[in-house]
Amino acid sequence: MAVVGEKNVLYRREDLVAYECDGFTLCRGEARAVVFPANTEEVAAVVRLLNRENIPFIARGAGTGLSGGATPLGGEVIVSLVKMKKLLQVDFENRIAVVQPGYVNLKLTQSIAGEGYYYAPDPSSQSACTIGGNVAENAGGAHCLKYGVTTNHILGAEVVLPDGKVIRLGEDGIPDLPGYDLLGLLTGSEGTLGIITEITVRILKTPEAKQTILAYFDDVEEGSQAVSDIISAGIVPAALEMMDQTAIEAVESANFPVGHPLDVQALLLIEVDGIAAEVREQAKEIVEVCRRRNVREVKVARDEKEAAAWWANRKTGFGAMGAISPDYLVQDGVIPRSTLPEVLKKIREISQDTGLRIANIFHAGDGNLHPLILFDERKPGEKERALEAGSRCLKVCADVGGSITGEHGVGIEKKEEMRFIFTDEEIEAQLRIRDVFNSKNLLNPDKLFPKPGRCAEVKKEIKERKLAEV
């Protein structure tokens, strides 16, 4: 309290309930306290105190994370960054902006749109999620197919290390400085290496033109093949999204219906942008590709208002599941585009095996799947079946050469699934990197990595024995 003042510390049970979990609600814990620093100096002072007293702690942004990365597991102090929400600098000449970690993603684009600029990473939660949290998870979004995920737009950061020291990574927005890419290492480290207190990001010039295309398919495989055909034609859309029938049912039952037919098996929502003449030609070619794949209907948005309605409908996809199911679990696997029909078929089989509906709504262009497993936690065993189904979906992704996460992170949800893609030796190497920064494992402990496998434990025991003999 001496650092941030009594009014900026929560410690009563009734105040801590709101911090039991993030967007992954199937696991909850109790924080020891929540503190609200206002600047880098206060964050550093809080961290030095916690480090000295050997008290574990977690950085938290808006709490929109979907893997339990901000969930306390054992009495950690939560360092909330929501008061650090300023846009510190905009440099249009060099196309950079500097923000504090609590600055909301969408606000950046809204703040600079009048000058003809925008910030490209756009998670579906962009109206609520913060850029600091985006960096921690290396968040993506609908437009990452063409423009890349968060790491492609981060040029610098001010970071408080777990012992309270403050460092700066990057210099005046200059990318690719000599030496190790510590900024790249920090991005996506899920809050286990340091607490980001200032971020320099790349901003882009708003494209001259864009068009949005909507295509309905009576066969999921035909829609999946259309995705590959569009990329094979040499077109890289700004966004290429897909929803299956269950997902369409949900979004049409929620707040932003647009009249999608409920009997189609899949839809594609595609956006192309760039020079006006090129955009018109690409939109025509995409329409032709879809027609060759037996599309039921394909249309180009009449104007920006119609395109915005289609996108608002898509962006509510996750939340819309509440209109058709009491509970849902969202997964976040990545696959090669060519395996999309095969993987979607296997996900349907998992749905049949477990007796749970699974909706699919995802970034089809870059193979980032989001199976949404629908269940009712009030019914005995359904929560456990949902977790099993989620793990099986990730195993399918790993087996076809993909990954267990594209943008939501590992957190606590997918720790054990890390073994689907990494050996014990590879996990141990990553833990050694973490120990360089976070040697006492006080910062966001027990996240991201599974417990060491028995073979790793045996190797550690042998090594310790040899050192003792020396």
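In this view, Asp399 and Lys395 satisfy the salt bridge (Lys or Arg N to Asp or Glu O under 4.0 Å) rule, not counting sequence neighbours. Scored by the side-chain contact (heavy atoms from CB on, under 4.5 Å) test, Asp15 finds Leu10, Arg12 as partners (sequence neighbours excluded). Every residue meeting the side-chain hydrogen bond (donor to acceptor under 3.5 Å, both in side chains) condition with Gln245, not counting sequence neighbours, appears here in chain and number order: Gln265. Remark: Ala250 pairs with Ala320, Met321, Ile324 by the side-chain contact (heavy atoms from CB on, under 4.5 Å) rule, at least two apart or across chains. In terms of the side-chain contact (heavy atoms from CB on, under 4.5 Å) criterion, residue partners of Pro326 (sequence neighbours excluded) are, by chain and number, Asp376, Arg378. For the salt bridge (Lys or Arg N to Asp or Glu O under 4.0 Å) test, no residue two or more places apart in sequence or in another chain qualifies with Asp366.
Looking only at side-chain heavy atoms (C-beta outward), Pro37 and Val3 stay at 4.5 Å or farther from each other. Contact of the Ser127 side chain with the Val104 side chain is not registered, since no non-hydrogen atoms from C-beta on lie closer than 4.5 Å.
Note on residues 17-32: pairs passing side-chain hydrogen bond (donor to acceptor under 3.5 Å, both in side chains), not counting sequence neighbours, are Arg13-Glu20. For residues 182-199, the salt bridge (charged side-chain N to carboxylate O under 4.0 Å, His left out) pairs, not counting sequence neighbours, are Arg168-Glu198. Residue pairs satisfying the side-chain hydrogen bond (donor to acceptor under 3.5 Å, both in side chains) criterion with at least one member in residues 36-50, sequence neighbours excluded, are listed as follows: Thr40-Glu158, Thr40-Thr197.
For Glu413 and Lys447, the salt-bridge test fails: no basic side-chain N is under 4.0 Å from an acidic carboxylate O. Between Asp273 and Lys146 there is a salt bridge, since at least one side-chain N of the basic residue sits less than 4.0 Å from a carboxylate O of the acidic one.
Considering CG of Leu183 and CG of Leu169, their distance stands at 5.5 Å, rounded to 0.5 Å.
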Got a list of side-chain donor-acceptor pairs under 3.5 Å for residues 53-61, not counting sequence neighbours?
from: Asn54; atom 1: OD1; to: Lys440; atom 2: NZ; distance (Å): 2.7
from: Arg60; atom 1: NH1; to: Cys21; atom 2: O; distance (Å): 3.2

Side chains of residues 110-118: which donor-acceptor pairs under 3.5 Å do they make with residues two or more places apart or in other chains?
from: Ser111; atom 1: OG; to: Tyr103; atom 2: OH; distance (Å): 2.8
from: Ser111; atom 1: OG; to: Lys107; atom 2: O; distance (Å): 2.7

Could you pull out every donor-acceptor pair under 3.5 Å between side chains of residues 65-89 and any protein atom, sequence neighbours left out?
from: Ser67; atom 1: OG; to: His408; atom 2: O; distance (Å): 3.1
from: Glu76; atom 1: OE1; to: Leu73; atom 2: N; distance (Å): 2.9
from: Glu76; atom 1: OE1; to: Gly74; atom 2: N; distance (Å): 2.9
from: Glu76; atom 1: OE2; to: Leu73; atom 2: N; distance (Å): 3.3
from: Lys83; atom 1: NZ; to: Asn8; atom 2: OD1; distance (Å): 2.4

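Listed for the Asp122 side chain is a donor-acceptor partner under 3.5 Å among the backbone atoms of His143. For the pair Ser325 (side chain) and Gly322 (backbone), a donor-acceptor distance under 3.5 Å is absent. For Asp332 (side chain) and His370 (main-chain N/O), no donor-acceptor pair under 3.5 Å exists by modelled atom type. The main-chain N or O of Gly184 is never found under 3.5 Å from a side-chain atom of Thr187 such that the two would form a donor-acceptor pair.
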| Can Leu50 and Leu442 be said to form a side chain to side chain contact (heavy atoms under 4.5 Å, CB included), step by step? | CA-CA 9 Å; Leu50 295 171; Leu442 292 177; over 6 Å; no
| field | Evaluation steps, side-chain hydrogen bond (donor to acceptor under 3.5 Å, both in side chains), between Asn444 and Thr192 | value | CA-CA 5 Å; Asn444 213 6; Thr192 62; over 6 Å; no
| Steps toward side chain to side chain contact (heavy atoms under 4.5 Å, CB included) verdict (Ile96, Val201) | CA-CA 6 Å; Ile96 63 172; Val201 302; over 6 Å; no
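Inspection of the Glu249 and His260 side chains reveals no N or O donor paired with an N or O acceptor under 3.5 Å. Looking at Thr150 and Asn134, their side chains never bring a donor and an acceptor atom within 3.5 Å of each other. No donor-acceptor contact under 3.5 angstrom links the side chains of Glu241 and Trp311, judged on distance only.
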